[in-house]
K.L.:
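Submitted below is the structure of interest, expressed as structure tokens.
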Protein chains: 2
Amino acid sequence: MRQERSGAALEEAIDENFRSGRWRAGHRIPTERALSEAFGISRTTVRRVLAGYKDRRLISQVVGSGTYVGTDLPRLLQAATAPDASEVATSPAELMEARLALEPAIVQMVIRAGTSVDFDRMEVCCRNAENAATLEAFEQWDGLLHEAIAEAAHNALILAVFRLINNARGQEEWGMLKKRSVTPERRLAYQAEHRTLVRALRMRDLEAARDATQAHLAHVRRNLLGY
Amino acid sequence: MRQERSGAALEEAIDENFRSGRWRAGHRIPTERALSEAFGISRTTVRRVLAGYKDRRLISQVVGSGTYVGTDLPRLLQAATAPDASEVATSPAELMEARLALEPAIVQMVIRAGTSVDFDRMEVCCRNAENAATLEAFEQWDGLLHEAIAEAAHNALILAVFRLINNARGQEEWGMLKKRSVTPERRLAYQAEHRTLVRALRMRDLEAARDATQAHLAHVRRNLLGY
DNA sequence: CTAAATTTGTCCGTATGTATT
DNA sequence: AAATACATACGGACAAATTTA
């Protein structure tokens, strides 16, 4: 893992606190030493980061008292920090790890909240994927199947999480890997795995659904990354 | 759950496919009937949605052939669909459900990827939260603790998911509920639960860590929502 | 009012990894 | 390929200002 600029975590946490409104104008934020401890970085580094915010007049520091959030311009930071969130830089390996951790959890919610209409939608996607003539068409219905599953959780936050994963999946590096890894027999296997998952969801069999999800993802990872 | 406009899911799926680049210029998207089936909506509704995209010249339809992605202006849609993702409208109940599903999964990754430096950071946050004089200061360190946990997964996607949750947590409705629900004795209980979790993480005891997470979240939900 | 504790400001020496010569 | 210079981060120490007991 490459050594990223060492104050980055602190910066993101500060932005987060600004954005969420937890740190409002006039609020006294933790001391330099406390932040240094909490983020496992030296006070020198904390000071460098805070100096950046001070230059932009987002905070002010007074000796002997503490560090305070600027009183009049809390909107500047909103403009300054807002525009990320949608593009998450990640590697295929990281992505697969996250999917293996998160998707079984999503499946659990689907079992609790999914309706027969949702399961019907999933089956339509399976059927269309199976009948797809081209790889493009297959992936299209594969994507729609995943979308249908995420929506069956009936939870806006879960859907947002799924979109996050899916966006990362649309990245370049990933597309390259996939193109080379999806052979006709693997496609058949994927289709069977999808069917198994949808069936387990409809039966509300948590064990089976989780197993199917993990087995499928492990399969994809093996084909994609070789382990 | 409120009934959202019935073509919304389809619109979001289409935007998603544009954004991710899965549907490039000239691509033939699924037939109206297929979409109608896949999304559990009538073909009339599908046509209404598609008409919206056709008006904006993002797709073109030719009778007897299919619906095609516009050839020259795929950037328009990017501008048109990009700016959400950061603000997810959700209710406290939905949020708690999602947290109960996702956070145990995150915990699992922390156990695999966390380092002793990460666990030290968490303990610093616990200590500072315990020493906090005001409720504000307590919540500040509580937030930093959660951030430390999310970062200990050492996965950019997981961190993004956590930020999504945290953003939703910063919403108005949530703040109101919390203010009224955090009494001194509850705060003490939360602190103990946090300690238990961090200890389990450091010992890499998956069972204990998951139990601690679920117990804590269930506790928070009961205090917040009454069930 | 005094004194101790806390917090930011400043400087120094060291270690480590990177780029250049 | 080796040696040098540079940038970055760390930890410690002390001064100055403020808060608190």
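Numbered from 1 within each chain, the chains take letters A, B, ... in sequence-line order.
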K.L.:
Looking at A:R43 and C:dG9, is any side-chain donor or acceptor paired with a base atom of the opposite kind under 3.5 Å?
P.N.:
yes
K.L.:
Which is more 5' along DNA chain D, the nucleotide nearest A:V46 or the one nearest A:R33? Just name the residue.
P.N.:
A:V46
K.L.:
Looking at A:S42, I'd like to know whether one of its side-chain N or O atoms comes within less than 4.0 Å of OP1 or OP2 on D:dC10.
P.N.:
yes
K.L.:
What do the steps show when you test B:E103 against B:H146 for side-chain hydrogen bond (donor to acceptor under 3.5 Å, both in side chains), and what is the final call?
P.N.:
CA-CA 10 Å; B:E103 297 199 5; B:H146 280 80; 4.6 Å; no
K.L.:
Any carboxylate oxygen within less than 4.0 angstrom of a Lys/Arg side-chain nitrogen, looking at B:R187 and B:D142?
P.N.:
no
K.L.:
Looking only at side-chain N and O atoms, does A:Q61 come under 4.0 Å of OP1 or OP2 in C:dG9?
P.N.:
yes
K.L.:
Quick one: closest heavy-atom pair of B:T213 and B:P104, and the distance?
P.N.:
CG2-N, 4.1 Å
K.L.:
A:E37 has an atom CD; how far is it from atom C1' of D:dA9, in whole Å?
P.N.:
17 Å
K.L.:
Pick the closest DNA chain D nucleotide for A:V63 and for A:T44 by heavy atoms, then say which residue is nearer the 5' end.
P.N.:
A:T44
K.L.:
How many Å lie between CD1 on A:I41 and C1' on D:dC10, as a whole number?
P.N.:
11 Å
K.L.:
Can you check whether B:Y190 and B:H216 have ring centres sitting under 6.0 Å from each other?
P.N.:
yes
K.L.:
Who is the Watson-Crick or G-U wobble partner of D:dA1, with both distances under 3.5 Å?
P.N.:
none
